[in-house]
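Since the structure comes first, as structure tokens, the remarks are kept for the end.
The figures here come from the full heavy-atom set of this structure, side chains too, leaving out hydrogens, waters and symmetry mates. Every chain is numbered from 1, with letters handed out A, B, ... down the list of sequences.
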There are 2 protein chains.
Amino acid sequence: MGARPGARAYVVRRSTAGTIAAMSAAPNPVFVESVDTSYLEGLVGYNARRAALAIIAEFLPRMAQYELRPVDFSVLSLITHNPGITSRQLCSALSILPPNLVGMVTGLEKRGLIARAAHPHDRRAMGLHLTEEGQSLMRNAEKTAEQLEFEATSQLTPAERKTLIRLLQKIYA
Amino acid sequence: MGARPGARAYVVRRSTAGTIAAMSAAPNPVFVESVDTSYLEGLVGYNARRAALAIIAEFLPRMAQYELRPVDFSVLSLITHNPGITSRQLCSALSILPPNLVGMVTGLEKRGLIARAAHPHDRRAMGLHLTEEGQSLMRNAEKTAEQLEFEATSQLTPAERKTLIRLLQKIYA
DNA sequence: TATTGTTATACTCTATAACTATA
DNA sequence: TATAGTTATAGAGTATAACAATA
């Protein structure tokens, strides 16, 4: 439990390790030169969140040309590859709560990107489909997503990229 | 561009692939039996987000006993390993905006978990330290985090876990 | 002139309760 | 009785503008 070398950088550090907390009203006047994040960096959850946020940060400006947020892209992509999918199925697949999907579907329909059709077996449900305009937009949006994917993983070999996806799926699947 | 086998499951599917979008007012009455998420599952960003959310979902109930949200844990952990860290440094390290940190620090101080001390070189800043109570709580909280880490990565070998963290850091660092 | 910490506030995201039409 | 879709609303999370004190 002694002082570890390197990671932290203090100034005016007296040899009173372990007593700072006891002096909570007036801890030693030390300051941190460079922040040691090594503990958090050892946790998968922390790294997964940082990586996801980094990619989303790149996603936002690139998809702005299509006026799509990440969730809109996910919804349209699932409709693209699952024509006739219902709102309920979208909610389950993407962990969206039904009340929060309503506005998205309404908005995408108003923009002429998707259309609702009667469900063949269930009169409560509506099958969702892309319009021609929606298909055209998604062809471009998926190309943009794949270009982002390529650049976001530019520090990885193709094998590493495949490994990363496989290991991530072992966490959540 | 023909029909791919397997992934999608339709019923009452006529051989009119490619015409559904044109019939946007009345698409074919198909329905999706099981949702094909393979496209999204091929994107690192999607997988990183799902993995992060899965771990956070486990984190919440386990840290409830300490009344710590993920961000509180991150803040306290950085103070633990960087006694004297300033609010501004916390914001930079964790990508928190200063106005959003104020309430957290105030709350943690009111709970007696942290204490502010004068900064030795900068009278604008305050160095943050754990109190004895804060140290005691964080010893337990970090143990809980490590147990969660162990269980969340139970499908991974130790080498795979190390690889996963290394690859994630290549994405965001 | 720039930075730290702060207040106030707006915006987005996520969650809960309750309703209808249908299964 | 359960489910799909919906409305209204509450809460949590994230964002910008502006200020005082200090560098």
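Aromatic ring pairs are classed by plane angle as parallel below 30°, tilted from 30° to 60° and perpendicular above 60°; the pair B:Tyr46 and A:Tyr172 is perpendicular.
With hydrogens and angles disregarded, no donor-acceptor distance shorter than 3.5 Å links the side chain of A:Ser136 to the backbone of A:Glu132. In this structure, the side chain of B:Thr131 engages the main chain of B:Leu113 through a donor-acceptor pair within 3.5 Å.
D:dA23 atom P lies 13 Å from atom CE of B:Met126, rounded to whole Å. For the pair A:Leu128 CG and D:dT6 P, the computed distance is 9 Å after rounding to whole Å. When the P atom of D:dA12 is taken as reference, atom CE of B:Met104 falls 13 Å away, rounded to whole Å. If you take CD1 of B:Ile56 and P of C:dT14, they are 11 Å apart, rounded to a whole angstrom. We find that CD of A:Gln89 is positioned 14 Å from C1' of D:dG5, with the value rounded to whole Å.
B:Arg88 has no side-chain polar atom (N or O) that falls below the 4.0 Å cut-off from OP1 or OP2 of C:dT3. Dashed line: the shortest gap from a side-chain N or O of B:Arg69 to OP1 or OP2 of D:dG13 is under 4.0 Å. Contact annotation: B:Arg116 side-chain N/O to C:dT6 OP1/OP2 distance is under 4.0 Å.
For B:Asp122, the side-chain atoms get nearest to D:dA23 when compared with the rest of D:dG5, C:dG5, D:dA23.
If A:Thr106 and A:Arg49 are placed on DNA chain D by their nearest nucleotide, the residue sitting closer to the 5' end is A:Thr106. Between A:Val71 and B:Ser87, the residue whose closest nucleotide on DNA chain C is further toward the 5' end is B:Ser87.
To the nearest 0.5 Å, atoms NE2 (A:His129) and CD1 (A:Ile114) are separated by 10.0 Å.
Of the residues in residues 91-101 of chain B, those placing a heavy atom less than 4.0 Å from an atom of DNA chain D are B:Leu97, B:Pro99, B:Asn100, in numerical order.
Side chain B:Arg124 to base C:dT3: a donor-acceptor pair is found below 3.5 Å.
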CA sep, side-chain torsions, deciding dist, call: A:Tyr66, A:Phe73, ring-ring contact (aromatic ring centres under 6.0 Å, His included): CA-CA 9 Å; A:Tyr66 310 113; A:Phe73 176 81; 8.8 Å; no
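Between B:Arg62 and B:Glu151 there is a salt bridge, since a side-chain N of the basic residue sits under 4.0 Å from a carboxylate O of the acidic one.
A donor-acceptor pair shorter than 3.5 Å can be found between the side chains of B:Ser92 and B:Arg88.
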